[in-house]
Amino acid sequence: MPFSKLGLSDPLLRAIAEAGYSTPSPIQLQAIPAVLKGHDLLAAAQTGTGKTAGFALPILHRLSLKAYGNHRPIRVLILTPTRELAAQVGESVSKYGAHLHPRLKTEVVFGGVKINPQMMRLRGGVDVLVATPGRLLDLVNQNAVKLDKVETLVLDEADRMLDMGFIRDIRKLIALLPKKRQNLLFSATFSEDIRKLTTGLLVNPVKIEVAARNTAAEMVEQIAFLCNKANKTELLCHLIKTNNWQQVLVFTSTKHGANRLTEKLNKFDIKAAAIHGNKSQGARTGALAGFKAGEIRVLVATDVAARGIDIALLPHVVNFELPRSPADYVHRIGRTGRAGEAGQAVSLVSHDEYSALRLIEKLIGAAIKREQIAGFEASEVAPPAPPEAPRAQRPGSNAKRSPKPSGNQTTIKHRPGRAV
Ligand code: AMP
């Protein structure tokens, strides 16, 4: 079905065409009509599925039906876990609303930057506010925003907001909203906490679950390079240089690790920058822009900082360390292989991470291909056989040998189990 059949106004269809979207993604097909009708929404969807347009387009349509004068109240509140996601959602909303008349005003507020300029920007009246919960609460406490006219609330990446400890802030903010309103909740995973939150929040929600992310992930080739911990940096340089990777997103588990790796890559003449919570907003935005523009070859990020980053068609994602939570692995590899393009997700796995590797394979319901690179073989402990291998090697049974990748390893395409 084309976008034109979904009931969106012409100015929105024009913006969609300019964005280069020809057909709605599965989540858009389901979400747009439901949101247009004013329903609440419970959507299991991750970044990369087109969820932002899925909620932003119908919201803008509804907003533009009733125009306000100069002193317009905030009618749509979009809460996101991170500054980066807030900025991206704000950009998308502005882009999709570019041809609406009268123009709707969108503002973005988040922590880590001065609050005063944000207060000034809010003074002129805003239709759509995109915010991280903590900063918004600060603004409320300073009487810089009023939320008593909000018609639609969007909780984007709700699971991550809870992971980041925002539940209290969210509840405080919800208490300030009018009782009668539309609520849209997007989450990649559905823990008990999310269920608790949705119970009190959503009224007869339309439930949407999309596998679109999965079709993207099916295109992702996943490889685990078994190696020694001490050799990871050299192995990464080797992979980047020999394969001539030009745009690589590398995940580390700590901010400190991200900094250290970035310094080393730069020493090896591979232009790299780090983004994580300790960096100033300016540094993060600059690094991301440089990466998107191709000036920075490697972006080193922690999970939190990378969450929600939208970089179209990222060819390579590297797990310098496997994430502690298998669900984060699914989030990470979802950064590649977007929009039908093949991508590659590479993990550098040292022996202390073998159990984490198995947990990931359990979650995704598939084995990840193991490989070793000559000169960087895992010599510490025998590497783990994939789950399908008929005879698993016992760890430590040949600790001194450098095991070769065994011939019976199967590459199974990612059959993403829902991380739910
Ligand atoms: P999101 O899941 O909202 O982060 O969107 C992921 C990416 O898909 C963004 O780069 C969007 O610009 C893009 N996108 C959204 N909807 C469509 C569509 N219908 N066709 C092609 N690309 C889209």
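One-based numbering, in listed order, for ligands and for the atoms of each.
- The shortest heavy-atom distance from Thr23 to ligand 1 is under 4.0 Å.
- One finds a salt bridge joining Lys51 and Asp156 here, because a Lys/Arg side-chain nitrogen approaches an Asp/Glu carboxylate oxygen to under 4.0 Å.
- Heavy-atom proximity to Ser25, at under 4.0 Å, picks out these atoms of ligand 1: 19 (N).
- Residue Thr49 has at least one heavy-atom neighbour below 4.0 Å for each of these atoms of ligand 1: 2 (O).
- For ligand 1, the atoms closer than 4.0 angstrom to any heavy atom of Lys51 are 1 (P), 2 (O), 3 (O).
- Using cut-offs of 30° and 60° on the angle between ring planes, the pair Phe55 and Phe186 is tilted.
- The atoms of ligand 1 that sit less than 4.0 Å from any heavy atom of Thr52 are 1 (P), 3 (O), 4 (O).
- No side-chain heavy atom of Leu104 sits under 4.5 Å from any side-chain heavy atom of Val76.
- For the pair Gln28 and ligand 1, the shortest N or O to N or O distance falls below 3.5 Å.
- Considering each of Phe186, Phe3, Tyr21, the one bringing a non-hydrogen atom nearest atom 14 (N) of ligand 1 is Tyr21.
- Comment: Arg160 engages Asp328 in a salt bridge, judged by a side-chain N to carboxylate O separation of less than 4.0 angstrom.
- Counting non-hydrogen atoms of other residues, nucleotides and ligands closer than 6.0 Å to CZ of Arg324 gives a total of 12 or fewer.
- Of all the atoms in ligand 1, the ones that sit under 4.0 Å from a non-hydrogen atom of Gly50 are 1 (P), 2 (O), 3 (O), 5 (O), 15 (C).
- Within a 6.0 Å sphere centred on NE2 of His99, heavy atoms belonging to other residues, nucleotides or ligands number more than 12.
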